[in-house]
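Remarks on the structure that follows.
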Amino acid sequence: MPELPEVETVRSGLEMALKGATIRKVTLRRKDLRIPFPKDLAQRLEGQKIPAIRRRAKYLLFDLASSDVLIAHLGMSGRFSIEGKTPKIFTAHDHVIFTLNDGRALIYNDARRFGLMTIAHKEELASHSLFAALGPEPFDKAFSPAYLQGALQERKTAVKVALMDQALVVGVGNIYASEALFLAGISPHIPAKKTAHQAKAIIAAIRKVLGDAIASGGSSLRDFIHVSGETGYFQHHFNVYGRKGDPCVTCGEHIRSTRLSGRSTFFCPSCQK
DNA sequence: CGGCGGTCCTGTCAGC
DNA sequence: TGCTGACAGGACCGCC
C-alpha cells in the first residue's frame with residue numbers, strides 16, 4: 001500500500017501503537033527482501049526503545065534509543081500489523097517478527113518482497129544511498145513553484161512520468177500522479193517542459209490529492225491497528241484512477257486509459273489538455 | 001546522461 | 001471449475 005498517503009497512515013498508526021515500546025526480540029524468517037538484511041540487523045534492534053517513528057518519502061524510519069534508525073519500505077505489497085499477546089500462526093509471507101517487551105508482536109508481511117528493511121546510524125541518513133538523491137517532500141516549502149518550474153523545464157519526458165520521479169518530488173506514485181493531473185487539468189502525456197508554467201497549479205493539485213488521501217486514511221486508523229492489516233486504498237474514491245470507460249465526474253466524458261513508461265495511466269480526454 | 005525497458009516476486013482477476 | 005496470461009500501489013539496473 002505504498003504511495004505517500006498510505007505510508008503516512010501506516011506511520012501514524014505505528015507511532016500511536018509503538019511509541020515508547022521496546023523491542024525484545026527480532027526474528028528474520030528469511031535472509032532478504034529486495035536487498036539482503038544487514039548481518040547485524042536483529043542484534044542492533046534488540047533491547048532498543050522506539051522514541052518515534054518518522055517518514056521520509058515512502059520510507060518509514062523507526063528512531064531507536066541507540067541513535068540507529070530502522071529503515072523500512074513497503075514496496076508494492078508490504079504491510080505492518082500488530083498482534084496482541086495471544087500467539088499467532090505466522091503465514092508464508094510474514095518475513096520479520098518484532099516481539100515487544102509487553103508481549104505484543106509487530107509483523108512485517110510482504111508477498112511480493114519488493115519492500116526492504118535495513119538499519120543506519122541517524123547521522124548517516126542524509127548521505128545514505130537510499131536518501132541522497134530524493135527530491136523535496138510535497139508538503140515542504142522547498143517544493144515551491146519556482147523549484148518545480150525549473151525542474152519540469154529541464155525534462156522532456158511526459159509530465160506524469162516526471163511527477164513519479166522521486167528525485168523531482170517524493171511520495172507521488174502511479175495513482176496520485178494520475179489523480180493530481182486530473183485536478184490540474186493537464187494531460188499526462190504532455191512533455192514536462194511544456195507544463196512548467198503550470199507549476200503552481202500542479203503543486204496545489206498534488207497537495208490536494210495527497211492531503212485528502214491522508215485525511216481519509218487517518219479516519220480508519222483504528223481499523224488498521226486493531227483489525228490487523230488492510231489499510232489499502234479502501235473507501236477512497238478516485239476521480240480517474242481505475243475508472244476506464246466510466247463517466248468523468250466533471251464532464252461525463254469516458255475516462256481513458258493508456259500506458260506511460262509501462263504504468264497504467266488514466267485521464268479525461270476532455271478535461272485534461 | 002536523460003530516458004526507457006526489463007526485472008525482481010507473488011497474488012488476483014478477467015476471459016476462455 | 002480450472003487454467004492462462006495480464007497486471008498490480010515501487011524502484012533499481014543497464015543499455016541506447
Side-chain angles (χ1 to χ4, degrees), chain A residues 1-11 29-37 55-60 71-80 91-96 108-118 128-135 138 150-182 188-194 196 206 209-210 212-214 216-217 220 224 229-245 257-266:
Chain A
M1 55 190 86
E3 295 186 43
L4 186 146
E6 292 68 37
V7 179
E8 179 56 29
T9 297
V10 170
R11 185 209 65 75
R29 300 180 76 235
R30 51 178 300 121
K31 62 181 188 343
D32 60 14
L33 288 170
R34 197 177 82 215
I35 60 174
F37 294 128
R55 178 190 59 72
R56 168 71 172 120
K58 299 172 191 169
Y59 294 88
L60 290 163
I71 301 164
H73 194 291
L74 301 172
M76 295 276 230
S77 55
R79 302 172 175 205
F80 276 106
T91 63
H93 304 306
D94 289 340
H95 303 309
V96 185
Y108 179 77
N109 177 291
D110 186 358
R112 288 177 77 184
R113 277 185 268 135
F114 286 177
L116 70 81
M117 206 174 284
T118 191
H128 195 285
S129 59
L130 292 172
F131 301 100
L134 292 178
L152 291 171
Q153 199 77 60
E154 58 193 37
R155 298 187 185 226
K156 290 185 222 174
T157 194
V159 60
K160 187 216 174 206
V161 176
L163 294 183
M164 288 176 64
D165 183 346
Q166 303 299 294
L168 188 142
V169 62
V170 301
V172 179
N174 196 43
I175 291 181
Y176 296 109
S178 280
E179 291 295 314
L181 287 171
F182 172 77
H189 20 256
I190 302 290
K193 57 163 60 170
K194 291 194 180 175
I206 287 173
V209 297
L210 297 182
D212 285 356
I214 291 169
S216 92
S220 58
F224 161 65
E230 312 316 312
T231 80
Y233 293 83
F234 65 136
Q235 30 168 288
H236 196 69
H237 92 281
F238 300 118
N239 285 317
V240 289
Y241 188 84
R243 296 194 63 240
K244 178 181 182 180
S257 99
T258 179
R259 293 203 143 250
L260 276 174
S261 241
R263 312 303 300 277
S264 59
T265 302
F266 299 85

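Computed over heavy atoms, backbone and side chain alike; hydrogens, waters and symmetry mates excluded. Each chain gets a letter, A, B and so on, in the order its sequence line appears, and its residues count up from 1.
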Can you name the side chain to side chain donor-acceptor pair (under 3.5 Å) partners of [X], sequence neighbours left out?
{"X": "A/His128", "value": "none"}
{"X": "A/Tyr59", "value": "none"}
{"X": "A/Arg155", "value": "A/Asp165"}

message: How would you summarise protein contacts on nucleotides 11-16 of chain B per nucleotide, using B for base, S for sugar-phosphate only and - for none, with heavy-atom distances below 4.0 Å?
response: S-----
field: Stacking check A/Phe114 vs C/dG10 (5.5 Å / 30 deg)
entry: yes
Does [X] put a side-chain nitrogen or oxygen below 4.0 Å from OP1 or OP2 of [N]?
{"X": "A/Lys156", "N": "B/dG3", "answer": "no"}
{"X": "A/Ser77", "N": "B/dT10", "answer": "no"}
{"X": "A/Arg263", "N": "C/dC7", "answer": "no"}
{"X": "A/Arg113", "N": "B/dT10", "answer": "yes"}

Close N or O pairs between protein and nucleotides 13-16 of chain C (under 3.5 Å):
none

- request: Take atom CG of A/Leu33 and atom P of B/dT7, then tell me their distance rounded to the nearest Å.
  value: 22 Å
task: Round to a whole Å and report the spacing from CG of A/Asp32 to C1' of B/dC8.
output: 11 Å
task: Counting heavy atoms from C-beta on, name the nucleotide in C/dG10, B/dC4, C/dA8 closest to the side chain of A/His73.
output: C/dG10
- request: Indicate yes or no for a side-chain donor-acceptor contact from A/His95 to the backbone of A/Asp110 under 3.5 Å, with no hydrogens or angles considered.
  value: yes
- request: Grab the stems for DNA chain C, please: at least three consecutive Watson-Crick or wobble pairs, both distances below 3.5 Å, written as range with range.
  value: B:2-8 with C:10-16, B:10-16 with C:2-8
- request: Mind listing the closest non-hydrogen atom pair of A/Val172 and A/Lys58 along with its distance?
  value: O-NZ, 3.8 Å
task: Name the nucleic acid region contacted by A/Gly173, choosing base, sugar-phosphate or nothing; use a 4.0 angstrom heavy-atom cut-off, strictly under.
output: sugar-phosphate
